[in-house]
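Worksheet: one structure, shown below.
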Amino acid sequence: MKKALALLLAMAMCLSLAACGSSTTSTDDTADTSAAADASVVEDTYAADASVDEADTSAEGAEGETALTSDVLPEDVVGNTYIYTEVVEAYGFSTDWELTFTSDTEGTLFEPNDMLGDNTYTTSWTYADGLYTVTLVESSSGEMTESTMFDESYTCDFVVMSDGSFAPANASTDDAAAVETTNTGSENADYPAVSYASNSDAQVMDIYLPENATGADPVIVVVHGGGFMFGDQMMDIIQPVIEAGVANGYVVASVDYRKSSEASFPAALSDVKAAVRYLRANAETYGIDADKVAIWGESAGAYLSLMTALTPEVEDLNGDVTDNLEQSSAVTALVDFYGPVEFYTMDAEYEALGIEGTTYSSEGSFESAFVGQAIGEDEETTYQTWWYTYVDQLPEDFTLSAWVQVGDSDTSVPYTQSQNFAEKLAEVLGEDSVTFGIIEGAEHEDDLFYTDDNLAQVFAFLAEALD
């Protein structure tokens, strides 16, 4: 399954247990399900995953009241469509699900997605004790949802109401959007959810120690993607990097940061810089060699990584984060997997590749939300987010080893963003300091980046760079 689709669907359209909406009952057919995402109009869909903690599944709601039970009997639902409006306030996102009962055992569940195309699942259903147990059978797109509403068998208990709404059975009767979203970190981390700065609850990292820790090991700062709007340090997409890192003798710090719904540029970048400074300030605590720091990002996280690597002394980019400013945020090595680089040119680059109709420069794109205004509105403002704007502020003795890798079938970020970046970076650092590669046929967040063979090549690069 392609991670770019699955992960975006998981966050952008399937965040579970959010607000319970209402609508009038409809007997209309569900929306046309044939709208698959065309690469020519796919907007920036950096992989996006997020771990939203599941709500209490007992009979008690978030406010201590009894959870909802259906007030519509099975014989009265057939032929009707019910609406569930998910609202995830932390990300400023909502979507309307449509559950239709087509017979006394079957139905459909429609999931709209403006970016990747709509999806309709055929379902089976049963009823008992006021709950409708719905199981997804097949998807019109071929991709099954990763929404945490559903268990591993793609089953969820819903309540169905006479006002035309439905909702997960464990949603609060008052406000299902009040789902607990505190980031408590990975249970597999040696140090989960370590706070590295004092501005926001999002400024946490999970720290993993190597299998044979020496007390002075190199560290890899891993930065997740998610369009600057979604995800956290526990995303599935970065797990192979974390696992390979500790197996290869590295301390691994997987970093979360403020999303664009909380604060715009340079907030997320300021956070990642602060995470590096924190690790240096606490190197002894975590057994880190402070002179051997690598940063590794994927997608939006790759952008934050390369900006961290290439602006070590730009004070303005520390933003509102003042923690550990006596420490340096410089790194020795950079790994960039399919990152966006120069936002202002993304539409033009896709057009040059024969893909027209992209809307990165519009107000509604992920990049525009990150910048704080439409990318195309103000070229000068947008270019404050480009690494080369700050090239004159690099230290005279600046060195960096960079690995830049992208797939030539990427429909989320033009692969020429990485290609142009590598070429320009080589002019600054020297060709021997930049390793660039294209994985033929690879898409955004493709599994091909995370094969044992490819990761082995990256770790061979890091071993040499940090030697």
Glu111 and Tyr121: side chain donor to acceptor below 3.5 Å: yes

Whether Asp467 side chain and Ala463 backbone form a donor-acceptor pair below 3.5 Å: no

Donor on one side chain, acceptor on other, Gln417 and Glu349, under 3.5 Å: yes

Main-chain N/O of Thr311 paired to Lys273 side chain as donor or acceptor, under 3.5 Å: yes

Closest heavy-atom pair and its distance - Ala402, Leu425: CB-CD2, 3.7 Å

Closest non-hydrogen atom pair between Ser270 and Arg258, with its separation: CB-NH2, 4.4 Å

NZ/NE/NH1/NH2 to OD/OE distance under 4.0 Å, Lys259 and Asp232: no

Residue pair Val222, Met205: steps toward the side chain to side chain contact (heavy atoms under 4.5 Å, CB included) verdict: CA-CA 9 Å; Val222 177; Met205 65 172 79; over 6 Å; no

Check: Glu143 main-chain N/O paired with Ser139 side-chain donor or acceptor under 3.5 Å: yes

Spacing of Tyr350 atom OH and Tyr415 atom OH [to the nearest 0.5 Å]: 10.5 Å

Check: Gly301 main-chain N/O paired with Ser305 side-chain donor or acceptor under 3.5 Å: yes

Atom CG of Asp378: over 12 foreign heavy atoms under 6.0 Å: yes

Distance-only donor-acceptor check, side chains Thr451 and Asp453, under 3.5 Å: no

Exercise: do Glu443 and Ser409 side chains pair donor with acceptor under 3.5 Å: no

Pair Trp296 + Phe459: ring centers closer than 6.0 Å: yes

Under 3.5 Å side-chain donor-acceptor pair for Ser200 and Glu262: yes

Residue pair Ala309 / Val331: nearest heavy atoms and the distance that separates them: CB-CG2, 3.6 Å

Lys292 side chain near Tyr250 side chain, heavy-atom distance below 4.5 Å: no

Gln239 side chain to Met235 backbone, donor-acceptor under 3.5 Å: yes

Nearest-0.5 Å distance, CE of residue Met149 to OG1 of residue Thr155: 12.5 Å

Check: His444 and Ser299 side chains under 4.5 Å, non-hydrogen atoms: yes

Residue pair Leu306, Phe421: steps toward the side chain to side chain contact (heavy atoms under 4.5 Å, CB included) verdict: CA-CA 10 Å; Leu306 70 89; Phe421 171 55; 4.0 Å; yes

Spacing of Asp271 atom CG and Leu304 atom CG [to the nearest 0.5 Å]: 9.0 Å

4.5 Å side-chain heavy-atom contact, Tyr84 and Glu98: no

Considering all heavy atoms, the nearest Glu298-His224 contact: OE2-C, 3.8 Å

Non-hydrogen side-chain atoms of Trp386 and Val341 separated by less than 4.5 Å: yes

Separation between SG of Cys156 and CG of Leu109, rounded to the nearest 0.5 Å: 9.5 Å

Validation row: Ile295, Val335 side chains within 4.5 angstrom (heavy atoms): no

Between Gln405 and Asn454: side-chain donor-acceptor atoms closer than 3.5 Å: yes

Nearest heavy atoms of Thr184 and Pro192, plus distance in Å: O-CB, 3.8 Å

Asp347 side, atom CG; Ser362 side, atom OG - distance, nearest 0.5 Å: 7.5 Å

Proximity of Tyr360 and Tyr344 rings by center, below 6.0 Å: no

Centroid separation Phe343 to Tyr383 less than 6.0 Å: no

Distance in Å, Thr385 OG1 paired with Leu317 CG, rounded so as to fall on 0.5 Å steps: 10.0 Å

Derivation of the side chain to side chain contact (heavy atoms under 4.5 Å, CB included) call for Val428 and Val391: CA-CA 8 Å; Val428 175; Val391 71; 4.0 Å; yes

Centroid-centroid distance, Phe228 to Phe370, less than 6.0 Å: yes

Under 3.5 Å side-chain donor-acceptor pair for Asn183 and Gln233: yes

Distance-only polar pair, side chains of Ser368 and Ser365, donor-acceptor under 3.5 Å: yes

Smallest separation among heavy atoms of Val413 and Pro340, with atom names: CG1-CA, 3.8 Å

Side chains of Gln457 and Trp403 in contact at under 4.5 Å (non-hydrogen atoms): yes

Polar contact flag, side-chain donor to acceptor under 3.5 angstrom, Thr81-Thr100: yes

Heavy-atom donor-acceptor pair, Asp151 side chain to Tyr154 backbone, under 3.5 Å: yes

Distance-only donor-acceptor check, side chains Asp392 and Tyr390, under 3.5 Å: no

Flag side-chain contact, heavy atom, 4.5 Å: Thr435 against Val404: no

Expected output: side-chain Asp408 to main-chain Gly441 donor-acceptor under 3.5 Å: yes

Phe158 ring center within less than 6.0 Å of Tyr132 ring center: no

Trp97 and Tyr82 aromatic centres sub-6.0 Å: no

Student check: side-chain heavy atoms of Ile207 and Leu279 closer than 4.5 Å: yes

Glu464 side chain vs Ala460 backbone, donor-acceptor pair below 3.5 Å: no

Glu423, CD: over 12 other non-hydrogen atoms inside 6.0 angstrom: yes

Flag for Asn119-Ser140: side-chain donor and acceptor within less than 3.5 Å: yes

Thr123 and Phe101: CA distance, side-chain angles, deciding distance, side chain to side chain contact (heavy atoms under 4.5 Å, CB included) verdict: CA-CA 9 Å; Thr123 69; Phe101 296 87; over 6 Å; no

Stepwise side chain to side chain donor-acceptor pair (under 3.5 Å) test for Ser254 and Asp206: CA-CA 5 Å; Ser254 184; Asp206 291 346; 5.8 Å; no

